[in-house]
Participant: 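The structure under discussion is supplied below as structure tokens; questions concerning it will follow.
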Amino acid sequence: MKRRLATLVLLAATTPLAAQWLTLSTPGIPRTADGEPDLSAPAPRAADGHPDLSGLWVPLEVEGDLLDPTRLQESVRTLMAEREARFFEADPRFSCLPSGPGFLTLTGTLVGLRRIVQNPAVIAILNADLSYRQIFTDGRELEPDPLPTWTGYSVGRWDGDTLVVESNGYNDKTWLHTRGLSHTESLRITERYLRSDFGHIQVDVTYDDPGMFDSPLHALIRMEFVADDEMLETVCNESSKGRSHWGGEISEADEKVVDVAPEILARYVGTYEGYWLRRPIAVEVTVEDGALFLLRTPPYTRNANTETEKSRLVALSDTAFECSCGLAFVFTAEDGAMATEVSEVHVSGGWPFRRVP
């Protein structure tokens with residue numbers, strides 16, 4: 001089966017922008033003696049006495065049985081496996097559609113950055129992809145049978161220092177995480193926000209959807225305050241072009257677009273290090289059962305499962321490979337010699353990682 005570089009095309013559906021006002025410090029926040037943000041300082045409080053959740057936040061880690069496929073019904077696991085075999089090309093984000101409840105579990109500053117704006121009657125969550133949520137704290141209750149929407153409807157109340165948010169009214173066109181977990185329109189989500197100190201919020205999330213799960217699932221999301229930075233838009237465009245270029249899937253009969261000789265694969269084995277968006281990255285490449293596998297540290301999309309999860313590399317040529325992690329990799333090697341570097345390909349271009357001796 002002929003396939004094109006689907007990962008590159010899908011990544012090109014979004015255009016992230018670099019940060020702005022790089023030299024402007026965030027005003028009014030606690031700082032240490034050397035001027036660094038003091039993330040361990042006490043959590044601020046609003047005029048009404050409740051903790052103030054306002055600020056720019058990034059989820060660093062997601063864990064919980066929401067990420068455990070054994071907790072899902074068999075039909076759900078089968079659908080997720082089919083989506084993985086097609087490199088998750090059906091992800092709503094790749095069609096320039098809202099992530100809806102799936103935005104909760106997006107991590108990292110590239111896709112997960114969000115700003116919370118708190119007022120007594122409503123709390124707004126602004127996302128980098130131009131979507132938003134409204135959490136009404138004015139005493140209203142959820143409607144029992146609302147018109148389904150992408151982001152649903154949310155109401156909040158305070159339980160001591162914890163903000164409890166209940167949401168319903170989602171359509172069934174989004175995923176709950178990037179591994180392809182669907183939901184029905186019966187989905188109901190309960191979030192519990194606790195700001196333990198100035199720089200950290202823990203969100204305990206319960207997902208209840210009898211049409212998909214035999215019992216409620218949970219996720220624990222740890223967020224950190226982002227100081228001395230700003231959020232700019234991540235705009236999705238030309239999704240139809242990206243989808244029309246998709247041309248294949250992984251199957252038992254077609255695991256590789258091309259057959260790469262074992263002696264060539266062996267030249268790529270090793271550890272590579274470099275920087276992506278000023279972040280240090282390590283990539284470990286191995287050969288298992290005649291195929292290349294890659295472990296990226298930190299993972300491109302971080303959760304409890306991807307920290308130690310290897311991704312299979314599917315060969316497009318002797319040097320270019322697609323990765324089920326949502327990226328592409330191109331190796332550089334002289335004839336007959338070990339590879340000296342591997343480039344991790346994003347919409348912004350190739351980011352070279354050098355081999356570690």
Side-chain angles (χ1 to χ4, degrees), residues 14-22 24-31 36-41 43-44 51-64 66-67 93 98-118 123-133 135 151 163 165 176-178 191-205 219-236 275-281 296-307 325-327 346-348 351:
T14 60
T15 306
L17 297 176
Q20 187 80 321
W21 295 303
L22 292 178
L24 181 64
S25 299
T26 304
I29 67 171
R31 295 186 180 271
E36 293 297 314
D38 186 359
L39 300 186
S40 63
D52 190 352
L53 308 182
S54 298
L56 189 61
W57 298 91
V58 58
L60 296 180
E61 184 180 18
V62 180
E63 61 183 32
L66 177 73
L67 309 173
R93 294 179 300 150
S99 295
F103 202 93
L104 275 172
T105 55
L106 291 180
T107 59
T109 56
L110 182 66
V111 293
L113 204 61
R114 62 204 64 182
R115 180 177 294 280
I116 299 178
V117 181
Q118 182 172 324
I123 297 174
I125 301 180
L126 313 177
N127 303 322
D129 66 354
L130 306 185
S131 64
Y132 66 92
R133 289 180 64 194
I135 302 171
T151 55
L163 175 68
V165 180
L176 296 182
H177 56 59
T178 57
E191 305 153 70
R192 299 179 64 88
Y193 289 77
L194 177 62
R195 188 170 187 174
S196 56
D197 55 23
F198 180 83
H200 303 91
I201 290 180
Q202 178 175 289
V203 190
D204 191 343
V205 189
L220 186 64
I221 304 169
R222 294 183 176 89
M223 301 198 303
E224 186 173 274
F225 186 88
V226 179
D228 304 335
D229 207 345
E230 290 296 339
M231 178 176 68
L232 292 187
E233 61 191 24
T234 299
V235 178
C236 180
Y275 286 86
W276 171 68
L277 297 180
R278 297 180 294 177
R279 299 181 182 88
I281 304 295
R296 185 186 194 270
T297 306
Y300 181 58
T301 301
R302 178 177 294 181
N303 57 52
N305 287 350
T306 58
E307 291 289 348
C325 63
L327 299 171
H346 296 254
V347 64
S348 54
W351 295 72

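Since this is a predicted model, take the numbers as computed values, not measurements. The figures that follow rest on heavy atoms only: side chains count, while hydrogens, waters and symmetry mates do not.
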Participant: When you compare the side chain of Leu39 with that of Glu224, does any pair of heavy atoms fall below 4.5 Å?
Facilitator: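 Side chain of Glu224 against side chain of Leu39, heavy atoms only: contact under 4.5 Å found.
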Participant: Report the residues that fulfil side-chain contact (heavy atoms from CB on, under 4.5 Å) with Pro51, sequence neighbours left out, ordered by chain and then residue number.
Facilitator: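 If we apply the side-chain contact (heavy atoms from CB on, under 4.5 Å) test to Pro51, skipping adjacent residues, the hits are Arg45, Trp158, Asp161.
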Participant: Side-chain contact test, heavy atoms from C-beta onward, threshold under 4.5 Å: evaluate it for Asp129 versus Arg93 and give yes or no.
Facilitator: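 They are not in contact (no side-chain heavy atoms under 4.5 Å apart), so the answer is no.
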Participant: Can you sort out the partners of Tyr275 under side-chain contact (heavy atoms from CB on, under 4.5 Å), two or more places apart, ordered by chain and number?
Facilitator: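 Residues passing side-chain contact (heavy atoms from CB on, under 4.5 Å) with Tyr275: Pro280.
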Participant: Find the distance between NE2 (His177) and CG (Leu104) and round it off to the nearest 0.5 Å.
Facilitator: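 Answer for the NE2-CG pair, His177 versus Leu104, is 12.5 Å.
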Participant: Hey, what do you get for CG (Leu60) to NE2 (His200), rounding to the nearest 0.5 Å?
Facilitator: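 So the CG of Leu60 and the NE2 of His200 are separated by 7.5 Å.
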Participant: Out of curiosity, Leu67 CG to Thr105 OG1, how far, rounded to the nearest 0.5 Å?
Facilitator: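 Going from CG on Leu67 over to OG1 on Thr105, the span is 7.5 Å.
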Participant: Indicate yes or no for a side-chain donor-acceptor contact from Arg114 to the backbone of Phe103 under 3.5 Å, with no hydrogens or angles considered.
Facilitator: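 A pair under 3.5 Å: yes.
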Participant: Rounded to the nearest 0.5 Å, what separation is found between the CD atom of Gln118 and the CD1 atom of Ile125?
Facilitator: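 Taking CD in Gln118 and CD1 in Ile125, the distance rounds to 10.5 Å.
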Participant: Using side-chain contact (heavy atoms from CB on, under 4.5 Å) as the criterion, list what pairs up with Ala43, not counting sequence neighbours.
Facilitator: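 Scan of Ala43 (side-chain contact (heavy atoms from CB on, under 4.5 Å), adjacent residues dropped) gives Arg195.
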Participant: Between atom CD of Glu230 and atom CG of Leu56, what is the distance when rounded to the nearest 0.5 Å?
Facilitator: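 Interatomic distance, Glu230 CD to Leu56 CG, rounded to 0.5 Å: 6.5 Å.
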Participant: Do Arg296 and Ile281 come close enough that some side-chain heavy atom pair is under 4.5 Å?
Facilitator: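 Arg296 reaches Ile281 side chain to side chain.
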Participant: Please evaluate residues Val226 and Trp57 with respect to the criterion side-chain contact (heavy atoms from CB on, under 4.5 Å), reporting the C-alpha separation (whole Å), side-chain torsions for both, the decisive distance (0.1 Å), and the verdict.
Facilitator: CA-CA 5 Å; Val226 179; Trp57 298 91; 5.8 Å; no
Participant: Look up atom CG in Leu327 and atom CH2 in Trp276, then write down how far apart they are to the nearest 0.5 Å.
Facilitator: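 One finds 8.0 Å between CG of Leu327 and CH2 of Trp276.
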Participant: Under 30°, 30 to 60°, or over 60°: which ring-plane class applies to Phe225 and Phe198, parallel, tilted or perpendicular?
Facilitator: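 Answer is tilted, since the angle falls between 30° and 60°.
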Participant: Would you say the side chain of Val203 lies within less than 4.5 Å of the side chain of Met223, judging by non-hydrogen atoms?
Facilitator: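 A side-chain contact under 4.5 Å exists here.
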Participant: Please give me the minimum heavy-atom distance between Asp197 and Ala41, naming the atom from each residue.
Facilitator: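 Closest heavy-atom pair between Asp197 and Ala41: CB-O, 3.3 Å.
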Participant: Please assess Val117 against Arg115 for the test side-chain contact (heavy atoms from CB on, under 4.5 Å), listing each intermediate value before the final yes or no.
Facilitator: CA-CA 6 Å; Val117 181; Arg115 180 177 294 280; 4.2 Å; yes
Participant: Are side-chain heavy atoms of Tyr132 and Thr151 found at a separation under 4.5 Å?
Facilitator: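 Contact flag for Tyr132/Thr151 side chains = no.
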Participant: May I ask you to decide whether Arg31 forms a salt bridge with Asp228, counting only side-chain N to carboxylate O separations under 4.0 Å?
Facilitator: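 Between Asp228 and Arg31 there is a salt bridge, with a charged N closer than 4.0 Å to a carboxylate O.
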Participant: Determine whether Leu220 and Val62 make a side-chain contact, defined as any pair of heavy atoms from C-beta on separated by less than 4.5 Å.
Facilitator: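 No, their side chains stay 4.5 Å or more apart.
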Participant: Less than 4.5 Å apart, side chain to side chain, heavy atoms only: is that true for Leu106 and Pro59?
Facilitator: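 A side-chain contact is absent here, since even the closest heavy-atom pair is not under 4.5 Å.
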Participant: Can you check whether Ile123 reaches Leu163 side chain to side chain, under 4.5 Å on heavy atoms?
Facilitator: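 Yes, their side chains come closer than 4.5 Å.
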